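See structure below.
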Amino acid sequence: MVRVRFAPSPTGHLHIGGARTALFNWLYARHNKGTFILRIEDTDRTRSTEEYIHSIIEGMKWLNLDWDEGPYRQTDRFDVYRRYADKLLNEEKAYCCYCSPEELEQRRQEALAQGKSPKYDGRCRNLKEPIPGRKPAVRFKMPQKGETVVNDLIKGRIVFENTQLDDLIIMRSDGTPTYNFTVVVDDVDMNITHVIRGDDHLNNTPKQIHIYRALGYEVPFFAHLPMILGADKTRLSKRHGATSVIAYKEMGYLPDALVNYLVRLGWSYGDQEVFTPDELIKYFSFDNVGKSAAVFNPEKLLWLNSQYIINSMPENLVELVMPFLVKEKIITEGQILDKEWLSKAIFTLKERSKTLIELANSLKYYIAEDIEYDLKAKDKFLNEKSLSSLTEVKDALKTLDNFIATEIEKVFMSIVEKHNIKLGNVAQPVRIAITGRKESPGIFDVIEIVGKEKTLRRLEKAIKTI
RNA sequence: GGUCCCAUCGUCUAGAGGCCUAGGACGUAGCCCUCUCAAGGCUAAAACACGGGUUCGAAUCCCGUUGGGACUGCCA
């Protein structure tokens, strides 16, 4: 039975890299009908906040990455770590270290200055008596010879020399446990079968393997995912722009689009680019996860988002776009719109909108009572030359009872034929008059959806403007 | 510095020794469609980091070089 976990530390919002790690864990669990566990690694009490925990959970929920157990919090489990630490201490697999953080830092700097490895020198390893007046940290005794092999599901067989391994601190002098210890204890305690995480943890793995063994447990499978980098090929961070998942929600991205983008960073299935969540679950395997880091490419994400919008049912987009209509101040909170009508409007706009924000802003000229002109558009098309066309269209539409696109088109065509001019000569000025912009969906559809009353009012206003 | 990982178009990737004249996607450019803008269709430019091996044959296997990344905390 597969049991996997996503274990973020709440020192920031759920970011792109974390989301992808969560996604791959989730996919592996779902593919294998296993269990996906959410565990909050908040042992660093100074940097972890309640707010970030909520934010991470919000991000996971938004991406539809549902978990089966948790969220567990490591701060609720300090007694467990204490117990395991005592066990190691009793078995002399760990020892008390009385060196102060300042002393350690100084020695580290000295070693570095001399070009040596900044490794703990092991001076407290064989201490017989406690040093009075100092609170000790607990260090784990790493083996000092031999080698440790990690058989990684993605990277393959990796060999580490044990001489490189440090006697790492598992319990701080204040009694709180540290990361490399808590992960192992928790993964053991929660029966994790596969540890799927970023390859920034690859170097921690041999250390953790020794802790598993010291504790007397079997080592799980490991799968180390390649990193996600920014355009400058350094680790993705805030200076590369939006990195939190929630920021993408706010920018009008669809969760499935982000998931689709993220999964293709390091994973592929032949030439297929667009996947439903069910397809991802069905096809996912470590066999087609790549080994190399990937650069995050916002343009491709934007394209995928546009594809997801195009392929969405308008009635679904109605619900998704509502919060953005409010946020963009196109409607007021609680304002009620005819959903059927809104669906029709969205249908004309969905293949022209790359984000929900763009969609909301285009919807403006359908919804608003009045419109503002784009100045360049106004100068170019609302002038003496277009006056007669506008007037003619207005007059003809006034007498049109069956106010639907096909009938509106006939009105335009008869004007065009009568004067032997191009449709564009009539359509463009009307477009500016109705939408205020140079570009819009087909003008006949726009007029139908805007409706007779508002159309005539806007045409009159345009004529007056000239 | 040390350890570990990685290396195909600008970017994401296909590629499991001959199917490779290296395929797809984003982006870019052009054309078509067209009331505008999109969407869609077609086309184009664009890559096996370098050097050695192994082999009849290497993008693919091995070694080295170079380049990039991660770790090296009483952070996770």
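All values derive from a computational prediction rather than experimental measurement. A note on names: the letters A, B, ... follow the listed sequences, proteins ahead of strands, and every chain is numbered from 1.
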Taking C4(B), C74(B), A76(B) as options, the one with an atom nearest any side-chain atom of His201(A) is A76(B)

Taking the same atom, C1', in A76(B) and in G67(B), what whole-Å distance lies between them? 29 Å

Separation of G73(B) atom P from Glu103(A) atom CD, nearest Å, is 16 Å

Taken to the nearest 0.5 Å, the spacing of Glu392(A) CD from Asp395(A) CG works out to 8.0 Å

Kindly indicate whether a cation-pi arrangement holds for Lys461(A) with Tyr373(A), taking the cut-offs as under 6.0 Å to the six-membered ring centre and within 45° of the axis. yes

Rounded to whole Å, the CG-P distance (Leu225(A) to U13(B)) equals 11 Å

To the nearest angstrom, the CG-C1' distance between Asp167(A) and C74(B) comes to 14 Å

- Query: Given the C1' atoms of A46(B) and G10(B), what is the spacing between them in whole Å?
  - Reply: 8 Å

Output yes when at least one side-chain N/O atom of Arg108(A) is less than 4.0 Å from OP1 or OP2 of C74(B), else no. yes

(Q) Any base atoms under 4.0 Å from Leu202(A), or only sugar-phosphate, or nothing? Heavy atoms, all strands. (A) sugar-phosphate

Task: Integer angstrom distance from the C1' of A29(B) to that of U72(B) - done: 48 Å

- request: Using a 4.0 Å heavy-atom cut-off across all strands, classify Cys99(A) as base, sugar-phosphate, or nothing.
  value: base

| request: Taking atom P in both U11(B) and C5(B), compute the distance separating them and give it to the nearest angstrom. | output: 24 Å

Arg235(A) has its side chain closest, among U72(B), A70(B), C6(B), to A70(B)

task = Rounded to whole angstrom, note down the C1' distance from A25(B) over to U8(B).
result = 15 Å

By the Watson-Crick or G-U definition, both distances under 3.5 Å, C56(B) is matched with G18(B)

Regarding the side chain of Ile158(A), the nearest nucleotide among C4(B), C74(B), G2(B) is C4(B)

Go through the steps to decide whether Ser55(A) and His13(A) satisfy the test side-chain hydrogen bond (donor to acceptor under 3.5 Å, both in side chains), and finish with yes or no.
CA-CA 6 Å; Ser55(A) 168; His13(A) 297 286; 2.6 Å; yes

Measure distances between side-chain N and O atoms of Glu273(A) and base N and O atoms of G24(B), and say whether any donor-acceptor pair falls under 3.5 Å. yes

Next on the checklist: Under 4.0 Å, heavy atoms only, any strand: does Ser268(A) hit a base, just the sugar-phosphate, or nothing?
Outcome noted: sugar-phosphate

Worksheet item: Which value, in whole Å, describes the distance between the P atoms of nucleotides C9(B) and U60(B)?
Response: 14 Å

### Query
In terms of ring plane angle, is the pair Phe24(A) and Phe284(A) parallel, tilted or perpendicular, where the classes change at 30° and 60°?
perpendicular

Here the distance between atom C1' of U3(B) and atom CG of Asn162(A), to the nearest Å, is 13 Å

Any strand, both distances under 3.5 Å, Watson-Crick or G-U wobble: A7(B) pairs with U66(B)

*N/O (side chain, Thr234(A)) to phosphate O (OP1/OP2, G69(B)) under 4.0 Å*: no

P spacing across the pair A59(B) / A39(B), given as an integer number of angstrom | 37 Å

Note to self: It should be established whether Arg264(A) places a side-chain nitrogen or oxygen under 4.0 Å from OP1 or OP2 of nucleotide A14(B).
What the structure shows: no

For A44(B), the nucleotide meeting Watson-Crick or G-U wobble distances (both under 3.5 Å) is U28(B)

Checklist entry - Going through the distances and angles, do Lys155(A) and Thr205(A) end up as a side chain to side chain contact (heavy atoms under 4.5 Å, CB included)? => result CA-CA 13 Å; Lys155(A) 305 274 185 176; Thr205(A) 308; over 6 Å; no

By nearest-nucleotide position on RNA chain B, the 5'-leaning member of Arg47(A) and Leu229(A) is Leu229(A)

message = Using a heavy-atom cut-off of 4.0 Å across all strands, would you classify Thr11(A) as base, sugar-phosphate, or nothing?
response = nothing

Do Asp79(A) and Arg82(A) sit within salt-bridge range, that is, some charged N less than 4.0 Å from a carboxylate O? no

Check: Checking all strands, does Leu168(A) fall into the base, sugar-phosphate, or nothing category for heavy-atom contacts under 4.0 angstrom?
Finding: nothing

Self-check item: N or O in side chain of Lys233(A) less than 4.0 angstrom from U11(B) OP1/OP2
Solution: yes

| message | Less than 4.0 angstrom from a charged side-chain N to a carboxylate O is my criterion; do Arg77(A) and Asp189(A) meet it? | response | yes

5' to 3', nucleotides 26-44 of chain B under a 4.0 Å protein heavy-atom cut-off (B base, S sugar-phosphate only, - none) gives S--------BBBBSS----

Intermediate values then yes/no, side chain to side chain contact (heavy atoms under 4.5 Å, CB included), Leu400(A) and Leu397(A)
CA-CA 5 Å; Leu400(A) 185 66; Leu397(A) 289 179; 4.1 Å; yes

- Under 4.0 angstrom, heavy atoms only, what part of the nucleic acid is Asp174(A) near: base, sugar-phosphate, or nothing? nothing

Between Glu161(A) and Val289(A), the residue closer to the 5' end of RNA chain B by nearest nucleotide is Glu161(A)

Looking only at heavy atoms, the pair that brings Glu273(A) and Asn260(A) closest together is O-ND2, 2.9 Å

In this structure, NZ of Lys116(A) is separated from CG of Asp121(A) (nearest 0.5 Å) by 10.5 Å

When rounded to whole Å, the CZ to P distance for the pair Phe296(A) and A25(B) reads 21 Å

Rounded to whole Å, NZ of Lys207(A) lies from P of A76(B) at a distance of 12 Å

Whole-Å distance, Asp152(A) CG to C6(B) P, equals 9 Å

Requested in this report: Give a yes/no answer on whether the side chain of Lys155(A) brings an N or O atom under 4.0 Å of OP1 or OP2 in C5(B).
Outcome: no

Atom CG of Leu165(A) and atom P of C71(B) are separated, to the nearest Å, by 17 Å

Do Arg431(A) and Phe381(A) form a cation-pi contact, if we require the NZ or CZ to be under 6.0 Å from the six-membered ring centre and within 45 degrees of the ring's axis? no

ask   = Rounding to the closest angstrom, what is the interatomic distance between A22(B) and C6(B) at atom P?
value = 27 Å

With a 4.0 Å limit, can you tell me whether Ser173(A) has a side-chain N or O closer than that to the phosphate oxygens OP1/OP2 of C74(B)?
no

As its Watson-Crick or G-U partner within any shown strand, both distances under 3.5 Å, G1(B) has U72(B)

